[in-house]
**Q** 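Got a structure for you, written out below as structure tokens; questions coming shortly.
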There are 2 protein chains.
Amino acid sequence: MGTSLKPAHTDLPAPPRPHPDHADCRGVASVLSRVGDKWSVFVIMNLSDGPKRFNELKRMISSISQRMLTLTLRGLERDGLVTRTIFPTIPPRVDYELTDLGRGLQQPVKALGQWAMDHLMQIEAARRQFDRRNDGD
Amino acid sequence: MGTSLKPAHTDLPAPPRPHPDHADCRGVASVLSRVGDKWSVFVIMNLSDGPKRFNELKRMISSISQRMLTLTLRGLERDGLVTRTIFPTIPPRVDYELTDLGRGLQQPVKALGQWAMDHLMQIEAARRQFDRRNDGD
DNA sequence: CGGAATCCTTCCCGATACTG
DNA sequence: CAGTATCGGGAAGGATTCCG
């Protein structure tokens, strides 16, 4: 059993009440960590323009291992962000497609991605400066 | 040397060109993964209303270890999202405060958090359904 | 083709102890 | 008070092999 399913993203150690009015921070955090997952974001983006097959996705995200692609797709399917459709042809064919929920997620993600793009220079500059100060010591 | 600095978030294994027009996906991904980091988000949120001291933050996020709080704050400082101010009093006092950049990040993060709140039920329902189907097998 | 199972390495992160 | 240093368990994830 190397395939754990229910990836770590979804079940967090549960920080006990950072503040009273956010009793469901855990749930939110589990969604945020999906966004923090590089592979999940890449997959979601590459599914923007219609359904894709497994190996099609694998070619588009060439650096991903098939293990991680499988796990990522299962995670997205579990969260209801992606559908998995099997065509019992031979050879077999499986299509993955964004659900409405998945498409809805794209928008805040793109907003965040846009912010990241807009401030990337600033952040990288800050990193270089920090590292230089710290190497000097 | 157990303290690596330059946390994994910031230097990613570099997926070689998911698609040509996004040469800087890596950079963006490194920012997204900060958002995926539970502790970073908690710290940023808890710094919303003004500067806080180290142990003050530690109390607010009671489940965090002081090691992770230190590492998280260093990461945020390195990215230019947080400033660290030392008052050479005795006993020592250190204040952490969001920069303009950090405050700017809050908005897309809150948007994402809002989306997560709005669709949490839907997602959790999807998870339960998926798990039930899968336990049956 | 689209996976599942196994092995194996890396490194995250919590617990603990010590310091200025 | 605000950290640093060190150790160790466990999870993440790549490479490889086998299957329907």
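Only this structure's heavy atoms are used, side chains among them; waters, hydrogens and symmetry mates stay out. Labels below follow one simple rule: chain letters A, B, ... track the order of the sequence lines, proteins then strands, and each chain is numbered from 1. Being a predicted model, the structure only gives us computed values, none of them experimental.
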**Q** From CG of N55(A) over to P of dC1(C), roughly how many Å is that when rounded to an integer?
**A** 6 Å
**Q** Please report, rounded to the nearest Å, how far the P atom of dG13(D) is from the CG atom of L71(A).
**A** 9 Å
**Q** Just by modelled atom types, is the V35(B) backbone N or O under 3.5 Å from a matching donor or acceptor in the K38(B) side chain?
**A** no
**Q** Do you know which two heavy atoms are closest between R74(B) and Y96(B), and how far apart they sit?
**A** NH1-OH, 3.5 Å
**Q** Using whole Å, what does the distance between atom P of nucleotide dG2(C) and atom CG of L73(A) come to?
**A** 11 Å
**Q** Whether the S48(A) and Q106(A) side chains hold a donor-acceptor pair (N or O, under 3.5 Å, no angle test) is what I'd like checked.
**A** yes
**Q** If you assign each of Q66(A) and P91(A) to its closest nucleotide in DNA chain C, which residue comes earlier from the 5' end?
**A** P91(A)
**Q** Checking side-chain contact (heavy atoms from CB on, under 4.5 Å) against V82(A), which of L98(A), I44(A), T99(A) comes through?
**A** L98(A)
**Q** Rounding to an integer number of Å, can you tell me how far I61(B) CD1 sits from dG14(C) C1'?
**A** 16 Å
**Q** DNA chain D: P92(A) or S65(A), which has the more 5' nearest nucleotide?
**A** S65(A)
**Q** Measuring to OP1 and OP2 of dG2(C), would you say a side-chain N or O of R53(A) lies under 4.0 angstrom away?
**A** yes
**Q** R84(A) has an atom CZ; how far is it from atom C1' of dG2(C), in whole Å?
**A** 8 Å
**Q** Side chain of R67(B), heavy atoms from C-beta onward: which of dC1(D), dG3(C), dC13(C) has the nearest atom to it?
**A** dC13(C)
**Q** Take atom NZ of K52(A) and atom C1' of dC1(C), then tell me their distance rounded to the nearest Å.
**A** 18 Å
**Q** Looking at every strand, decide which applies to F87(A) at a 4.0 Å heavy-atom threshold: base, sugar-phosphate, or nothing.
**A** nothing
**Q** Should R34(A) and L81(A) count as side-chain neighbours, where that means a heavy-atom distance under 4.5 Å?
**A** yes
**Q** Where the side chain of W39(A) is concerned, which of dG3(C), dG3(D), dG14(D) is the nearest nucleotide?
**A** dG14(D)
**Q** Ignoring hydrogens, what is the shortest heavy-atom contact between P51(B) and D95(B)? Give both atom names and the distance.
**A** CB-OD2, 4.2 Å
**Q** Any idea which of dC1(C), dC13(C), dG3(C) is nearest the V94(A) side chain?
**A** dG3(C)
**Q** What is the distance, to the nearest angstrom, from the CG atom on L57(B) to the P atom on dG3(D)?
**A** 10 Å
**Q** Using the C1' atoms of the five pairs at each end, what is the angle between the end axes of the helix from dC1(C)-dG20(D) to dG20(C)-dC1(D), to 10°?
**A** 40°
**Q** Short question: side chain of S62(A), backbone of R59(A) - any donor-acceptor pair under 3.5 Å?
**A** no
**Q** Can you tell which of dG14(D), dA2(D), dT4(D) lies closest to the side chain of M68(A)?
**A** dG14(D)
**Q** Measure the distance from CZ on R74(A) to C1' on dA4(C) and round it to the nearest whole Å.
**A** 10 Å
